[in-house]
Amino acid sequence: TERAVECTGKTRSQLIGAPFTNFLDEKSQQDFRNELRQAWMGISRNVNMTMNTRSESDRTFEATLTRFTADVTRDILVILR
C-alpha cells in the first residue's frame, strides 16, 4: 500500500475501495480486463501493468490474478509487485 501511495500521490483512504483500473494507463486497463476474464475461468496469470503515477520511473508493476473459492463465493485476488 505504501508504494501505491507514493506512486499515485493518493492517500491510503483514496486508494482503498477505489476501482483498481482508475490507476492504470489506458492499455493496461484493457489488459487487466482481459486477464480478469481469464482469472474467472481459473487460469492464474501474471501480467505487467503500467500505473498512472507522478514519477516516470517505477510505473510498471507485475500483477498476479488468481481465482479462489471460499465456501460458496468466488473471488479474484490481485497481488501487485
Side-chain angles (χ1 to χ4, degrees):
T1 305
E2 293 308 315
R3 185 171 175 208
V5 168
E6 265 180 46
C7 291
T8 62
K10 306 287 184 193
T11 66
R12 181 183 295 259
S13 60
Q14 288 174 312
L15 291 172
I16 294 173
F20 175 67
T21 54
N22 287 359
F23 305 108
L24 299 175
D25 71 3
E26 194 171 314
K27 181 187 179 314
S28 290
Q29 287 179 11
Q30 187 59 46
D31 291 345
F32 182 79
R33 288 183 188 102
N34 292 338
E35 295 301 326
L36 191 59
R37 284 187 209 102
Q38 295 296 315
W40 272 119
M41 291 188 285
I43 302 167
S44 228
R45 305 283 293 246
N46 292 336
V47 62
N48 288 330
M49 299 282 152
T50 303
M51 294 187 77
N52 293 322
T53 63
R54 297 183 297 175
S55 167
E56 286 301 312
S57 63
D58 219 20
R59 292 175 39 122
T60 302
F61 290 76
E62 180 181 291
T64 302
L65 289 79
T66 305
R67 183 181 85 178
F68 68 96
T69 304
D71 295 325
V72 295
T73 62
R74 218 170 38 167
D75 294 299
I76 300 290
L77 174 66
V78 179
I79 298 172
L80 295 177
R81 295 194 171 121

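Computation of the quantities below employed the complete heavy-atom set of this structure, encompassing side-chain atoms and omitting hydrogens, waters and symmetry-equivalent molecules.
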Evaluation steps, side chain to side chain contact (heavy atoms under 4.5 Å, CB included), between Arg12 and Ile16: CA-CA 6 Å; Arg12 181 183 295 259; Ile16 294 173; 3.7 Å; yes
Smallest separation among heavy atoms of Arg67 and Trp40, with atom names: NH1-O, 2.9 Å
Validation row: Met51, Phe61 side chains within 4.5 angstrom (heavy atoms): yes
Validation row: Arg81, Ile79 side chains within 4.5 angstrom (heavy atoms): yes
Spatial distance of atom CZ (Phe32) from atom CG (Leu65) [nearest 0.5 Å]: 5.0 Å
Pair Phe23-Met49, side chain to side chain contact (heavy atoms under 4.5 Å, CB included): steps then yes or no: CA-CA 10 Å; Phe23 305 108; Met49 299 282 152; over 6 Å; no
Rounded distance [0.5 Å steps], CD1 in Ile43 versus OG1 in Thr66: 12.0 Å
Validation row: Thr11, Val5 side chains within 4.5 angstrom (heavy atoms): no
Test item: Gln30 side-chain N/O and Lys27 main-chain N/O as donor-acceptor pair under 3.5 Å: no
Minimum heavy-atom distance Leu24-Gln29, with the two atoms named: O-NE2, 3.0 Å
Donor-acceptor side-chain pairing of Ser28 and Asp25 below 3.5 angstrom: yes
Any donor-acceptor N or O pair under 3.5 Å, side chains Thr60, Asn48: no
Single-linkage hydrophobic cluster, 4.5 Å side-chain cutoff, Phe20 and Ile76 together: yes
Shortest non-hydrogen contact between Leu77 and Phe68, atoms and distance: CB-CE2, 3.7 Å
Thr64 OG1 to Glu35 CD distance, which is reported to the nearest 0.5 Å: 10.5 Å
Distance in Å, Thr50 OG1 paired with Asp31 CG, rounded so as to fall on 0.5 Å steps: 8.5 Å
